[in-house]
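Here the structure is laid out as structure tokens; the discussion comes afterwards.
Just so it is clear: chains get the letters A, B, ... in the order the sequence lines come, proteins before strands, and each one is counted from 1.
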Amino acid sequence: MKLWIGACLVAMVVLAALAAPALAPHDPVEMDLLNILLPPFWQAGADPAFPLGTDALGRCLLSRLLYGARIALTVAFVAATAAAVVGSALAVLAGYRGGWVDWLISRAIDVWMSFPPVVLSLILMVAFGVGLWNVVAAIVLVDWTRFARVVRAEVLVVVRRDYVAAARLSGFSHLRTALREVVPAVAPLMLTLLSLEMGIAVVVEAILSFVGLSVGPTVPAWGVMIADGRSDMVQHPYGLLLPVLAILATVLGFNLLGDGLRQKLNPQHRGRTP
Amino acid sequence: MGLILIRMIGYRSAAALPLMLAVSVLIFLVLRLIPADPIGLSLPPNATAEDRAELARLFGLDLPIWQQYLRWLARVATGEFGTSIHFRRDVADLILTTLPATLELVLVGILIGTLAGVGGGLWLFAERNRPWAEGVLDTGASALMAVPEFLWAILLILSLGVAWRLLPFLGRIDPALSVPVVTGFILADAMIAGRVDALVSALAHLTLPALALGLSLAPLIARVLRASLLDTVAEDYIQRARLSGLSERQVLIRHALPNAVLPTISLIGVQSGFMFGGTLLVEVIFAYPGLGNLMVDAVRATDLPVIQAAALAYCAVVLALNLIVDIVTIALNPKLRPAP
């Protein structure tokens, strides 16, 4: 059940992001100073031209939400995938090779885990400067450990299995054994982590753009909308509430998808109703 | 046993030191990547190449990077973090005035989260025989856990702060009130000063941010406590306690809970480190004058000495928390101690 709810939520956000130019009634950065702080359609005084109302500069909230989904999902997919590739590669290397390689990678993970992730991503963004790809790079550099830590533990179990020894004995090279025998065994775990990481990336992007360190203040990202909506939250709470709900729906979608995948892909759970 | 424990504590503390050093190297290197040119910014446009070289020598920027790091480390080790460009104050002083506020927030957050989580876990355990419970609670817990602290913060402000006007949501205390700073922990300071009005105001201001933190901890605790209670009550000694005529409540409180609570305690320990990082955004949203607000202000002003010091302070607290958690876990669980 979780898997399907999650998949539906994610699919809806993806569709909204892809179809943003077609669905959005306005340009997301177009200001209309005659129509500022309009309420959404279910409230008195709403203008049908702005279905979810406008912000303090008269920008259409629906259009901004739709275009914000594009930024959130770009960051989520690219950053999470890259973090998964980097983290898992290092994990397989550490778990398979062992010895000093494992020691080095494990100590690096320890150092990274001493940072609150938000703090590390903030100083990285200070160093990189704002920009969409810098956000992606910061998330990868912070969150590769989430994969490395968990996948390494799993690799350590897998490499002791007989079929890995059999592959080596039948003449497979180390690289081939790692790619053909070890990686497929840890792939379900990686997929679950990937889905959870996408949710985390959405939140991190929102945090960074809220602080003003992500994509720049003029780009319609959800975190920027939250920062903008905060100043008028007393008379116009929707400017704040709508981006919060958008983030929640997206994160919940990725989390449920990840949880569902874990239950589906784990042979020990198969056949049990979650 | 005491000796072994002390030896383990010594060993773990010694292991934290190289980590702290590595963390400082990382912070130093990352902030060296910064695109802005500090020398160019502090010189007039008609400065000559000699002026530049002179200033670089003055700041030690002409040395190799590892020498720069060692010089910085030597100063940091003696508690000398420099002067903030943005706040025009001593950086160590800034950190020491904001850190207690953040620690206070985390501690109250953990308290609220633990109370709510244990309550929730016991309730889930009591409802264990309802057929609907499993699926609904499972999905519900996932949904609650998906909400990050800073979104809880905004939702709490919008509901309890703005819509119902129940609680204040800006700052640490009513601006009209103030108490002399003794410990930096405002609740303690208000009690020392004997000011009931200040204590009430500080508690009211602390409630929403701490609740935002606690709400992200509570569902985790509830879930883990329920699971370990279910495991524990299946054990033989619980059956024996029942057979000896104790009531269900007595069995739960005297026999099941003390044994089921260990995983919950380690969970609280692990999560407290994450929660400490989570305060950063919560502080910004509640304009709460702690380390997080300091760091974000410094980041916005590219105030490097403050950014470095605040990042170091965050890591030092996380490592200290991990150390405390290790010690408590070893003290509570004899199985983790090495044989004498």
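Below 4.5 Å, heavy atoms of chain B meet heavy atoms from A:R230, A:M233, A:V234, A:P237, all part of residues 229-238 of chain A.
Heavy-atom pairs under 4.5 Å with chain A were tallied for B:I27, B:V25, B:V296, B:L321; the largest tally goes to B:I27. Per-residue counts of heavy-atom pairs under 4.5 Å with chain B were compared for A:L252, A:V251, A:N255; the largest is that of A:L252. Taking B:V147, B:L31, B:L19, B:L319 one by one and counting their heavy-atom pairs under 4.5 Å with chain A, the maximum is reached by B:L19. Of the residues considered (A:L245, A:I5, A:L240, A:D259), A:L240 shows the highest number of contacts with chain B, using heavy-atom pairs under 4.5 Å. Counting heavy-atom pairs closer than 4.5 Å to chain A, the top residue among B:N322, B:I285, B:L280, B:L151 is B:L151. When each of A:I247, A:V118, A:V111 is scored by its heavy-atom pairs under 4.5 Å with chain B, the top score falls to A:V111. Between chain A and the residues B:V317, B:L304, B:I154, the most heavy-atom pairs under 4.5 angstrom are made by B:I154. Counting heavy-atom pairs under 4.5 Å between each of B:F150, B:F276, B:F274 and chain A puts B:F150 at the top.
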For residues 155-171 of chain B, which side-chain N or O atoms pair as donor and acceptor with protein atoms under 3.5 Å away, sequence neighbours left out?
residue: B:S159; atom: OG; partner: B:L155; partner atom: O; Å: 2.9
residue: B:S159; atom: OG; partner: B:L156; partner atom: O; Å: 3.4

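Applying the side chain to side chain donor-acceptor pair (under 3.5 Å) criterion to B:W72, with sequence neighbours excluded, gives B:Q308. Under the side chain to side chain donor-acceptor pair (under 3.5 Å) criterion, B:Q271 pairs with no residue, sequence neighbours left out.
Of the listed residues (A:V119, A:V126, A:L122), just one forms a side-chain contact (heavy atoms from CB on, under 4.5 Å) with B:I307, and that residue is A:V126.
No part of A:L141 comes within reach of chain B, as not one of its non-hydrogen atoms sits under 4.5 angstrom from that chain. Proximity to chain B involves both the backbone and the side chain of A:F210, based on heavy atoms less than 4.5 angstrom apart. Residue contact with chain B, scored on non-hydrogen atoms closer than 4.5 Å, involves the side chain of A:I226 exclusively.
Counting only heavy atoms from C-beta outward, the side chains of A:F115 and B:V318 never approach each other to under 4.5 Å. Proximity of B:R300 to A:V211: side-chain heavy atoms (C-beta onward) are separated by under 4.5 Å at one or more points.
When all heavy atoms are compared, the tightest approach of A:P116 to B:G277 is CB-CA, 3.5 Å.
Rounded to the nearest 0.5 Å, atoms CZ (B:F28) and CD1 (A:I123) are 12.5 Å apart.
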